[in-house]
Amino acid sequence: MPSQAHASYEEAVTGIPRFRLGVLGSGKGSNFVAIADACADGRIPAAVSLVLSDVAEAGILDHARQRNLPARHIPPGKFRTKLDEEAEKAFVSALTGAGVDLVVLAGFMRVLKGEFLRAFEGRIVNIHPSLLPSFPGLEAWKQALEYGVKVTGCTVHFVDAGVDSGVIIGQQAVPVAEDDSPESLHQRIHEAEHELYPKCVAEVARGEIRIQGRRIVRK
């Protein structure tokens, strides 16, 4: 796996700055692993500059450290579902200091507000386990199963001030089986996420997409 030092060496040799990712996560970090591996093997033309978590023992931090990538825990503050003002400033400062071009949310369980969105306007992406705009919010796979849909999936989108309401970059469908449990359906959605997210991040890193109204236009 390439370290941050390797990325800097590559820049020095080629004279071309690497596109830099800052990854935020609160949990195990499986989507981070998919993205980090895609950076390592060249499918994403970018380097992970920093991994941050609001949870001190989050698995995503362990995965980052195993890959010799900078990883930090920043306490989220007093709120349960969002960062408080001081935490928000700390996250923004860390990402800015790392020269991040794109913020990638990989299971980050805090709603981003105000100053964070302004600091990285149009440069934050997220993946959601449903075919948005259907089933926004928490446990979308359970929502889909309970509703009785025959197809669900995952969506990569830009982040705005709403809940899972940003412009859609890409989607991948996952059929719902008759005998699916929430766990089995969630696992298959995870597998689709690990395919879709690196592809969409790579498109952003290569400058291949632009936003036109509510639509993504591919160059």
* Audit row: Val104, Tyr197, side-chain contact (heavy atoms from CB on, under 4.5 Å) steps and yes/no -> CA-CA 10 Å; Val104 178; Tyr197 213 0; 3.3 Å; yes

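- Rounding to the nearest 0.5 angstrom, the gap separating the CZ atom in Phe120 from the CG atom in Leu95 is 4.5 Å.
- Within a 6.0 Å radius of CZ in Arg215, no more than 12 heavy atoms belonging to other residues, nucleotides or ligands are found.
- Side chain of His128 to main chain of Phe135: a donor-acceptor pair is present (N/O by atom type, distance under 3.5 Å, no hydrogens or angles).
- Between the side chain of Arg18 and the backbone N or O of Ala46, at least one donor-acceptor pair lies under 3.5 Å.
- Ring planes of Phe32 and His63: tilted class, angle from 30 to 60°.
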* To do: Evaluate the criterion salt bridge (Lys or Arg N to Asp or Glu O under 4.0 Å) for residue pair Glu85 and Lys89; output intermediate values, then yes/no.
  => CA-CA 6 Å; Glu85 186 175 342; Lys89 289 179 180 177; 3.5 Å; yes

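- In this structure, the side chains of Val33 and Arg67 come closer than 4.5 Å at one or more pairs of heavy atoms.
- Taking CD1 of Ile60 as the start and CG of Asn31 as the end, the distance is 9.0 Å to the nearest 0.5 Å.
- Salt-bridge formation is detected for the pair Glu115/Arg118: a Lys NZ or Arg NE/NH1/NH2 atom is positioned less than 4.0 Å from an Asp or Glu carboxylate oxygen.
- In this structure a side-chain-to-backbone donor-acceptor pair under 3.5 Å is present from Asp164 to Gly137.
- Residue pairs meeting the side-chain hydrogen bond (donor to acceptor under 3.5 Å, both in side chains) criterion with at least one partner in residues 94-114, sequence neighbours excluded, are Asp54-Arg110.
- The salt bridge (charged side-chain N to carboxylate O under 4.0 Å, His left out) search around Arg80 returns none, not counting sequence neighbours.
- Atom CZ of Arg210 and atom CD1 of Ile216 lie 10.0 Å apart (nearest 0.5 Å).
- The list of side-chain hydrogen bond (donor to acceptor under 3.5 Å, both in side chains) pairs with a residue in residues 145-154, not counting sequence neighbours, is empty.
- Judged by distance alone, the side chain of Glu193 and the main-chain N or O of Val156 form no donor-acceptor pair under 3.5 Å.
- Counting only distance, with no hydrogens or angles, the side chain of Ser53 and the backbone of Leu61 share no donor-acceptor pair below 3.5 Å.
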